[in-house]
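Beneath this line is the structure, given in C-alpha cells, with notes to follow.
Naming convention: chains lettered A, B, ... in sequence-line order (proteins, then strands); numbering from 1 in each chain. These numbers come from a predicted model, not from an experiment.
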There are 2 protein chains.
Amino acid sequence: MKQQDYSILSPNTVDEASRIFKALSDPTRIKILFLLSQEECSVNHIAEVLEMTQSAVSHQLSFLRNLRLVKYRREGNTFFYTYDDDHVMTILNQVLSHIECE
Amino acid sequence: MKQQDYSILSPNTVDEASRIFKALSDPTRIKILFLLSQEECSVNHIAEVLEMTQSAVSHQLSFLRNLRLVKYRREGNTFFYTYDDDHVMTILNQVLSHIECE
DNA sequence: ATTGTATATGAGCATATGTTCATATACTTT
DNA sequence: AAAGTATATGAACATATGCTCATATACAAT
C-alpha cells in the first residue's frame, strides 16, 4: 500500500500539535498554567505556591512566553503573568477534569 | 499568601496529565495515533506509511502500549494495532482540527 | 548615588528521549 | 527440521530537557 492512499497530516500540523502537547507535558508547566487559569500571578508568587526557585519558574515562563501561551504586564518591579491561549487552556482543563472524575 | 489558599492539583493528577501530554508530544507518536484513528494497522504497515524503520515504530508502539493508549491482536506473524483510549484520541483530534482550521 | 527588590538569562550538569543497530522471539512455510 | 517473516527488545549514542548557580537587568526606595 502506498503512502498516498491515506489521509496524512501535514508536517506543519504535526509539528504544531507536538509543540502544544510538549508545552503541557511538564508537571511544572501544568501547575503554572493551572494557577494562571485561576488568577493573574507574579513570578515570585508562582515560585512560592509551587515551592520552586525563582529561576526555575522564570525559565519555564520564558518557555511559555515563547509559545505565546502566557503574557505579562509590568508594574514596577513586579511582572504579572496571565494565560494567553484559550484553546490550550481548554485542552488542559479538559484533561485535568477528565482525570479527576475517574 | 499561603499555598493552602489556592486550589492545588493533586500530585497524581498532575503526573497523570503530564503522562498523557507527553505521550502526544512526539511527532512520531502523533502520526501513529492518527493512522490508528483511521484503521487497524500492522507494525510494518505503519513503518511503511511513516517511512520509518520497523524498530523505531515498534519502540514507540511499546511506549504507547505501556500507557494503554493502544492494544493489539495477533494474526500469525502479524500484530494488528488499534487505539485503546477514546479520551486521548478525542484530545488529539481536537488539537489537530483546531490547528488545521486556522 | 547607593542599596534593595523582582525578574531574566547564560552556563553547566544530570537525566530523559528517540533513534539505530544487532539480535532475540515466535510463528509460518517449505 | 530449516529457512523465512513479523515483531520485540537491549545497548549505545546523540540530542533535548529541566534544574541550579551565578550574574545581569531594570526599576524602587532611601
Polar atoms only, N or O, under 3.5 Å: list the protein pairs with nucleotides 12-16 of chain C and their distances.
none

In whole Å, what is the span from the CD1 atom of B:Ile46 to the P atom of C:dT19?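 It works out to 13 Å between those atoms.
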
What is the distance, to the nearest angstrom, from the NZ atom on B:Lys31 to the C1' atom on C:dG18?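 Computing the B:Lys31:NZ to C:dG18:C1' distance gives 13 Å.
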
Residue list, side-chain hydrogen bond (donor to acceptor under 3.5 Å, both in side chains) with [X], at least two apart or on another chain:
X: A:Arg74; result: none
X: A:Glu100; result: none
X: A:Arg73; result: A:Glu40, A:Glu75

Please check if any side-chain donor atom of A:Ser55 sits under 3.5 Å from a side-chain acceptor atom of A:Ser58, or the reverse.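 No.
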
Only one of B:Thr28, B:Leu50, B:Leu33 passes side-chain contact (heavy atoms from CB on, under 4.5 Å) with B:Gln60; say which it is.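 When B:Thr28, B:Leu50, B:Leu33 are each tested with B:Gln60, the side-chain contact (heavy atoms from CB on, under 4.5 Å) holds only for B:Thr28.
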
Which nucleotide sits closest to the side chain of B:Phe79: D:dC19, C:dA8, D:dA8?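 Ranking D:dC19, C:dA8, D:dA8 by closest atom to the B:Phe79 side chain puts D:dA8 first.
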
Do any of residues 58-67 of chain A sit with a heavy atom less than 4.0 Å from DNA chain D, and if so which?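 The answer is A:His59, A:Gln60.
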
Can you give one letter per nucleotide of nucleotides 22-28 of chain D, going 5' to 3': B for a protein heavy atom under 4.0 Å from the base, S for sugar-phosphate only, - for none? B---BBS

Would you say the ring centers of B:Phe79 and B:Tyr72 fall short of 6.0 Å from each other?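 Yes: the rings meet the under 6.0 Å criterion.
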
